[in-house]
Amino acid sequence: MPLKSLVKKFGKGAATKQVYLYETWLRWIARGIQLILALIVCGLYGSRVDRDRRDGNAQSAAWVYALLVAGLSCVTCFIYGIPNPFAKLQPHRLFAWDLILFILWIAVFGTFAAIFLKREDDEYEGVNVALMKCAVWVDLVNALFWMCTGAYGCFRTFVGKKVNGKVDQYSNKVEDTINAKVDQYVGSAANNFSMKLNPLRKETV
């Protein structure tokens, strides 16, 4: 019966896709937070780079490096936010890039922590020291987020087969339950419908 097969297929898909849907939403939330933090860093360090450019001064390598890392992070978040951006290659399998960005952010944190955390002056080379101390901790939070997504990607890559196996087991259980329910309700509905049609057929004859 086409109706019965359609109900079974839709029911199974609606039940099992929720498992992957939750994972997708969590990935988007994590990438969104990483994007926001990277944009904050762009604003904090970009003002100094822009001022040096307007004044014709030589650019500081540390500030340019921080902007470069933040820019790479923004681009990565945009790409990873696209569903299946690499066709059959799932984003979590590129966990090595997340871990590389983690190392780059740790370098940013270490560089500016050495410059600002122990400094008591109000300004340093034209920038507000208190603001830069806040920026240092934002750098650290960035690094921790990239470490977490990299670790999750590594876990998902090497334990993914077991996870998918568990999902398949759940899918099969759901399918069996749906089949039993569909056979019960659709079968009884079809019998009732045929009983209602029989008197009409007798009158026509």
Side-chain angles (χ1 to χ4, degrees), residues 9-47 49 63-113 116-117 130-175 178:
K9 182 177 180 181
F10 176 78
K12 178 185 176 183
T16 55
K17 284 183 179 179
Q18 289 183 356
V19 177
Y20 298 106
L21 185 62
Y22 294 147
E23 183 181 15
T24 300
W25 277 106
L26 288 175
R27 187 181 79 244
W28 284 347
I29 291 172
R31 299 305 181 187
I33 294 174
Q34 288 173 326
L35 176 62
I36 292 172
L37 291 173
L39 290 174
I40 291 174
V41 170
C42 287
L44 291 172
Y45 294 106
S47 58
V49 173
W63 268 262
V64 173
Y65 171 74
L67 282 183
L68 176 63
V69 174
L72 288 173
S73 299
C74 289
V75 173
T76 301
C77 290
F78 276 118
I79 294 175
Y80 283 3
I82 302 172
N84 298 324
F86 308 105
K88 294 183 179 180
L89 182 61
Q90 296 177 335
H92 65 256
R93 294 186 177 276
L94 302 175
F95 65 90
W97 178 243
D98 287 60
L99 296 178
I100 289 173
L101 285 173
F102 159 66
I103 295 172
L104 296 178
W105 276 112
I106 284 294
V108 174
F109 167 73
T111 300
F112 286 94
F116 291 108
L117 285 188
L131 183 62
M132 287 297 101
K133 286 182 178 180
C134 295
V136 168
W137 297 116
V138 175
D139 297 335
L140 179 60
V141 174
N142 264 304
L144 294 177
F145 261 97
W146 285 103
M147 180 189 68
C148 291
T149 54
Y152 170 77
C154 180
F155 170 83
R156 190 71 173 82
T157 297
F158 294 106
V159 192
K161 291 183 179 180
K162 293 183 179 180
V163 174
N164 292 336
K166 294 293 184 181
V167 173
D168 290 338
Q169 290 179 6
Y170 169 71
S171 174
N172 293 331
K173 290 182 180 179
V174 170
E175 184 177 13
I178 291 174

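Worth saying up front: this structure is predicted, and the values here are computed from it rather than measured.
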A.B. asks: Report yes if the side chains of Leu104 and Leu101 come closer than 4.5 Å at any heavy-atom pair, otherwise no.
C.D. replies: yes
A.B. asks: Look up atom CD1 in Ile106 and atom CG in Leu144, then write down how far apart they are to the nearest 0.5 Å.
C.D. replies: 6.5 Å
A.B. asks: Got a second to check how far Phe145's CZ is from Cys77's SG, nearest 0.5 Å?
C.D. replies: 10.5 Å
A.B. asks: Is any side-chain heavy atom of Asp139 closer than 4.5 Å to a side-chain heavy atom of Tyr45?
C.D. replies: yes
A.B. asks: Does a side-chain heavy-atom distance below 4.5 Å link Trp105 with Val41?
C.D. replies: yes
A.B. asks: Are a donor atom and an acceptor atom from the side chains of Trp146 and Thr76 found within less than 3.5 Å of each other?
C.D. replies: no
A.B. asks: Which pair of heavy atoms, one from Phe102 and one from Ala143, lies closest together, and at what distance?
C.D. replies: CD1-O, 3.0 Å
A.B. asks: Pick from Leu39, Val136, Leu131: which one makes a side-chain contact (heavy atoms from CB on, under 4.5 Å) with Leu44?
C.D. replies: Leu131
A.B. asks: Ignoring hydrogens and geometry, is there a side-chain-to-backbone donor-acceptor pair from Tyr152 to Phe95 under 3.5 Å?
C.D. replies: no
A.B. asks: With heavy-atom distances below 4.5 Å as the criterion, would you say the side chains of Phe78 and Arg31 are in contact?
C.D. replies: no
A.B. asks: Check the orientation of Phe109 and Trp137. Use parallel for under 30°, tilted for 30 to 60°, and perpendicular for over 60°.
C.D. replies: tilted
A.B. asks: Closest heavy-atom contact between Thr111 and Ala107?
C.D. replies: OG1-O, 2.8 Å
A.B. asks: How about Thr149 and Tyr80: do any of their side-chain heavy atoms sit closer than 4.5 Å?
C.D. replies: no
A.B. asks: For the SG atom of Cys42 and the CG atom of Leu37, what is their distance to the nearest 0.5 Å?
C.D. replies: 11.0 Å
A.B. asks: Going by the angle between their ring planes, with limits at 30° and 60°, are Phe116 and Trp63 parallel, tilted or perpendicular?
C.D. replies: perpendicular
A.B. asks: What distance do Thr157 atom OG1 and Leu94 atom CG have between them, rounded to the nearest 0.5 Å?
C.D. replies: 8.0 Å
